[in-house]
> 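I have a structure here, written as structure tokens, and I will follow up with some questions on it.
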Amino acid sequence: MLFHSSLLPTSWSSFLLVALAGCIYSSEPNDGNLTLSGKTYLLGDAQPTSGVHVTCAGVTSTSDAEGNYELRGIPEGKQILHAERSDCIPSSDTIVLKSSTKRFIYLSLRTTTIWGYVSNVIDGAIQGATVRIADQAVTSDASGRFEFLPIVGTSNTLYVEHPLYSSFETAVALDSARKQVNVTLVRQLTLTPYITEDAYVDESVPDANFGSSKSLLLSTNPPGQSGNQRHFYLKWEFPQLLRDQRVTLQLARLQLLAPAPPASSSVRIYSITSSWAAGSITYNKQPSRGALLESTDARIFVGSYWPVLTTSGISQLIEDFRANRPLFGVVIQGGAPDGATASFNSNEAVLNPPKLTIVLQY
């Protein structure tokens, strides 16, 4: 049926013209094989975006560099239009197709709020750690807590730094709206336990005490001779922190400084299993000797520290300490094969006394 505007009232003619002007007709026949096309955008951005996967009725297209997409062969009727990109929140809309149609698609960037706590297994919450991700940096509070503003993307790397702890980094998948990432920092601590007592004993003066001497003498009897064997005793206290099984020993070293002329020495270090005191020990009154901790053949150099006991030997003493067994220190025996005496600074020396270094990690 055809209508002529002259046959209608003026108001009806105006209505018909407006209605016809608001419709877009396709030139192709409505045969159930339609085309859906358009552009893809990020919400809030006037420029089209690329790489958006668009799907409708099993037909898929990916928007190009100008944001264009096109889906051919879409059946007429109600369909689901789905769009997604890895860094965006997926979008799905129900549309009704009666002809080929252009449709703009707007996606929101995916964002994740990262938060969490920085701590240490023994120290607990760590305040003042610098935590960084993307272009943001925050500082952990008194409870160790940190939080960032929402971050765009699918993944990023979290960095944590603090002057007392080892630096830390980890990859973070930005796969939810809010994500908790707790960080445990590792600390390396260097300690120098104080030598509490030291003394040497001398076979040639078996009842003499040398607990106040500024030197620790070491010598052994050469073949066919006797009377000049000298060795010395050292005692110290380990820090209580070492009793915690979460603490691991990274390095340990007992060093002595030798001001006497250099000498080649064969040295054996044993644990001590009974009590002794620097002020009363003599060659004739020595404590009982325990297990061999370490032995070494070395050349002693003037004015330099010489490691007489290293990590493997000291770790055996730490095992006893953790087992609450009493510790009575060590005895160092041996010397040059020709019987020459090596002299080391004692705890009573003004400078460069025995030095014990322990590096712990937890």
Side-chain angles (χ1 to χ4, degrees), residues 119-124 164-168 184-201 216 218 220 231-258 264-278 281 286-301 304-335 342 344-347 352-362:
S119 64
N120 174 266
V121 293
I122 291 179
D123 297 339
L164 297 180
Y165 301 88
S166 300
S167 299
F168 173 89
T184 301
L185 295 185
V186 174
R187 183 174 186 177
Q188 278 204 341
L189 184 63
T190 300
L191 301 174
T192 54
Y194 182 70
I195 303 296
T196 56
E197 293 191 77
D198 61 4
Y200 78 90
V201 296
L216 298 171
L218 182 69
T220 189
H231 46 262
F232 54 90
Y233 291 81
L234 297 171
K235 189 188 301 184
W236 62 82
E237 293 181 0
F238 284 123
Q240 290 299 313
L241 181 63
L242 263 175
R243 293 195 187 277
D244 196 314
Q245 295 294 330
R246 294 169 295 179
V247 175
T248 59
L249 178 67
Q250 299 296 299
L251 180 145
R253 186 167 51 228
L254 174 63
Q255 294 174 288
L256 303 170
L257 188 128
S264 176
S265 293
S266 176
V267 176
R268 300 173 304 281
I269 303 96
Y270 297 89
S271 65
I272 298 302
T273 57
S274 62
S275 180
W276 63 275
I281 189 172
Q286 297 184 63
S288 55
R289 193 182 71 184
L292 176 67
L293 300 175
E294 202 164 338
S295 63
T296 181
D297 293 317
R299 185 170 179 81
I300 307 167
F301 292 94
S304 63
Y305 269 100
W306 175 48
V308 294
L309 190 59
T310 59
T311 305
S312 60
I314 293 180
S315 64
Q316 296 182 57
L317 295 175
I318 290 176
E319 290 181 10
D320 289 338
F321 180 70
R322 286 181 166 178
N324 291 317
R325 290 189 283 269
L327 295 178
F328 301 107
V330 299
V331 58
I332 299 177
Q333 298 181 337
F344 302 92
N345 287 355
S346 75
N347 219 27
N352 303 317
K355 182 168 62 176
L356 177 62
T357 304
I358 297 176
V359 180
L360 309 178
Q361 180 173 290
Y362 58 86

> Main chain of L257, side chain of N352: is a donor-acceptor contact present, judged purely on distance under 3.5 Å?
no
> Which heavy atom in A342 sits nearest to a heavy atom in I300, and how many Å separate them?
CB-CD1, 4.0 Å
> Calculate, to the nearest 0.5 Å, the distance between atoms OG and CG belonging to S119 and L185 respectively.
7.5 Å
> Is the charged tip of R187 near the ring of Y362: under 6.0 Å from the six-membered ring centre and within 45° of its axis?
no
> Sequence neighbours excluded, which residues qualify as side-chain contact (heavy atoms from CB on, under 4.5 Å) partners of S304?
F301
> Let me confirm one number: the CG-OG1 distance from L254 to T311, rounded to the nearest 0.5 Å.
11.5 Å
> With rounding to the nearest 0.5 angstrom, report the OH to CD1 distance, Y233 to I281.
5.0 Å
> Please find the pair of heavy atoms, one from L292 and one from R268, that lie closest to each other, and give the distance.
CD1-CB, 4.0 Å
> Please say which of V201, T220, V267 ends up in a side-chain contact (heavy atoms from CB on, under 4.5 Å) with H231.
V201
> Checking E294 against T310: is there a side-chain donor and acceptor pair closer than 3.5 Å?
yes
> What residues form a side-chain contact (heavy atoms from CB on, under 4.5 Å) with S166, not counting sequence neighbours?
none
> Compare all side-chain heavy atoms of S266 with those of S295 and state whether any distance is below 4.5 angstrom.
no
> Where do S274 and S288 come nearest, in terms of heavy atoms and distance?
OG-N, 2.8 Å
> Between atom OG1 of T184 and atom CG of N120, what is the distance when rounded to the nearest 0.5 Å?
8.0 Å
> Just jot down the side-chain contact (heavy atoms from CB on, under 4.5 Å) partners of T192, sequence neighbours excluded, or say none.
T357
> With a 4.5 Å heavy-atom cut-off, do L164 and D123 have their side chains touching?
no
> Counting only N and O atoms by type, is there a donor-acceptor contact under 3.5 Å from the side chain of S271 to the main-chain atoms of A291?
yes
> Ignoring hydrogens and angles, tell me if any N or O in the side chain of R322 forms a donor-acceptor pair with the backbone of D244 under 3.5 Å.
yes
> Taking only residues two or more places apart in sequence or in another chain, which ones pass ring pair (Phe, Tyr, Trp, His ring centres under 6.0 Å) with F321?
F238
> To the nearest 0.5 Å, tell me how far L360 CG sits from L189 CG.
5.5 Å
> Does Q188 form a side-chain hydrogen bond (donor to acceptor under 3.5 Å, both in side chains) with T190? I'd like the steps, not just the answer.
CA-CA 7 Å; Q188 278 204 341; T190 300; over 6 Å; no
> With side chains defined as the heavy atoms from C-beta onward, is the minimum distance between F232 and S346 less than 4.5 Å?
no
> Check residues 323-334 and write down every donor-acceptor pair under 3.5 Å in which the side-chain atom is one partner and the other belongs to a residue at least two apart or another chain.
| from | atom 1 | to | atom 2 | distance (Å) |
| --- | --- | --- | --- | --- |
| N324 | OD1 | R243 | NH1 | 2.7 |
| R325 | NE | D320 | OD1 | 2.8 |
| R325 | NH2 | D320 | OD1 | 2.8 |
| Q333 | OE1 | R289 | NH1 | 3.3 |

> Specify whether W306 and F344 have parallel, tilted or perpendicular ring planes, treating 30° as the upper limit for parallel and 60° as the lower limit for perpendicular.
parallel
> Could you list the residues that satisfy side-chain contact (heavy atoms from CB on, under 4.5 Å) with S167, not counting sequence neighbours?
E161
> Answer yes or no: is there a donor N or O on one side and an acceptor on the other, between the side chain of D198 and the main chain of N347, under 3.5 Å?
yes
> Rounded to the nearest 0.5 Å, how far apart are CG of L241 and CD1 of I122?
5.0 Å
> Would you say the side chain of P353 lies within less than 4.5 Å of the side chain of N345, judging by non-hydrogen atoms?
no
> Can you name the nearest heavy-atom pair linking V308 to I269, along with the distance?
O-CD1, 2.8 Å
> Side chain of E197, backbone of A278: donor and acceptor closer than 3.5 Å?
yes
